[in-house]
Amino acid sequence: MLNNLIAKESKPLTGRITIPGDKSISHRAIIFGALATGETVVKKLLEGEDVLRTIAAFRAMGVDIERIEAGSYRIQGVGLDGLAEPNDVLDMGNSGTAMRLITGLLASQPFFSVISGDESLRGRPMGRVVNPLRKMGAKISGRNGGKLAPLVIEGQELIPLDYISPVASAQVKTAILLAGLNTAGETSVTEPALSRDHTERMLEAFGAQIQREGLKVTIDGWPDLVGQKIVVPGDISSAAFPMVAALLVPDSDIVIEGVGINPTRTGLLDLLIKMGGQIQQLNPREEGGEPVADLRVRHSQLKGITVPESVIPRAIDEFPVFFVAAALAEGKTVLEGADELRVKESDRISAMVEGLSKLGVALEELPDGVMINGLWERLAGGATVKSHTDHRIAMSLSVAGLVSKKPVKVLGCGNINTSFPGYADLMASLGADIEWSG
Ligand code: S3P
């Protein structure tokens, strides 16, 4: 199977595209649809491997989830107390979201379960959800004292918690709220900065009582969740790749249709616009409780910036490709305070520093970020770089190849399917010189 990508200097990118559905919203649509009563129909669901893991997990717990056609699913909700004990390990593959969210949910379900994932996921921190869940009375064990998967969950009745989280993480927030769904009383999470709020929005749409006061969110246990119709917006985290490519490849002018622009997710737009990027939001509208727009992106000469720390949680998944934009910007770009990047699907700071320096970029790795001296012209390229089996590193380095003098080969790109099936074909449809190779 072809597992590597070769990207070469490209002619202008032009045309209109739509991108696959939002990964975060797709996971939540399956989870809340399964926990509601009645039928939920989801359209434009992301059929990436991560979301397929979530679907498989709920099927393994007895939920009837039918694929009507590409991207359209019908879920027969079983209610908060209707899940069945899975008779095997729930394998979450590469998906941190699936593992952390479902761990929270299962902590308060009255049955035994074991949850695991691939090598990368088994190396990612789980203490951030296990510790607060234990404060609710959850019985969860795992490797390294419960810090690492596989996790063994002896589900039971929990007590509500008022949790002050040390990390701005939607996965932590959602795991606790999911445990709180099945717990009598009010469960709250307060974050140091607002992380993506898709859970709050979708739970409200399904009928839960959610109170939001600043950085604190509170849920009342045992809500009546009622099945919904959901249209998943395009994933801004996937749009980020054609967006940065169009900014960097001279004379490009593209439109990306139907992109989710929830303000908790638009940090990259703010950063790129601050750098001088020409990005327009056209036809703003709302779909399924989430704001959506078409994004017109034109080639722009970018300028280096210092990233304000407050933007970090709103751009957390987009930093790998942001580093590529910074590499082609005039002057210095500095990012600090982003140590969360080290515990994603890979250590995204060191993976990008390694890859970009091989392509001729002058940059310095910082403990919690990076300093990049922009080249303000094409990169040297002509190197083989590693994705570290991380989908976003793979796509980011391939975008770098589109503005490199010599071809760039990115090794190990199969994981792109976790979040962006069809990535290379879609980029090629805009005119990008990118292809799969052995
Ligand atoms: C996600 C939250 C973020 C993000 C991840 C998806 C979610 O992780 O990086 O890709 O769907 O809740 P953290 O909550 O760990 O920051």
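One-based numbering, in listed order, for ligands and for the atoms of each. In this chain, numbering begins with 1 at the start of the sequence shown.
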key: Atom NZ of K44 with >12 non-hydrogen neighbours under 6.0 angstrom   =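 Atom NZ in K44 is not crowded, with 12 or fewer foreign heavy atoms closer than 6.0 Å.
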
Nearest heavy-atom pair of [X] and [Y]: which atoms, and what distance?
X	Y	result
G96	L121	CA-CD1, 3.6 Å
V249	V403	CG2-CG1, 3.9 Å
G227	T40	CA-OG1, 3.2 Å

request  = Classify the ring geometry between F420 and F241 as parallel (under 30°), tilted (30 to 60°) or perpendicular (over 60°).
outcome  =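 Geometry flag for F241 against F420: tilted rings.
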
key: SB check K216 E191 (cutoff 4.0 Å)   =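 Between E191 and K216 there is no salt bridge, as every charged N stays at least 4.0 Å from the carboxylate O atoms.
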
key: Under 4.0 Å from ligand 1 - residues by heavy atom, chain and number   =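 Contacts of ligand 1 under 4.0 Å: K23, S24, R28, T97, S169, A170, Q171, R196, I316, D317, K344.
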
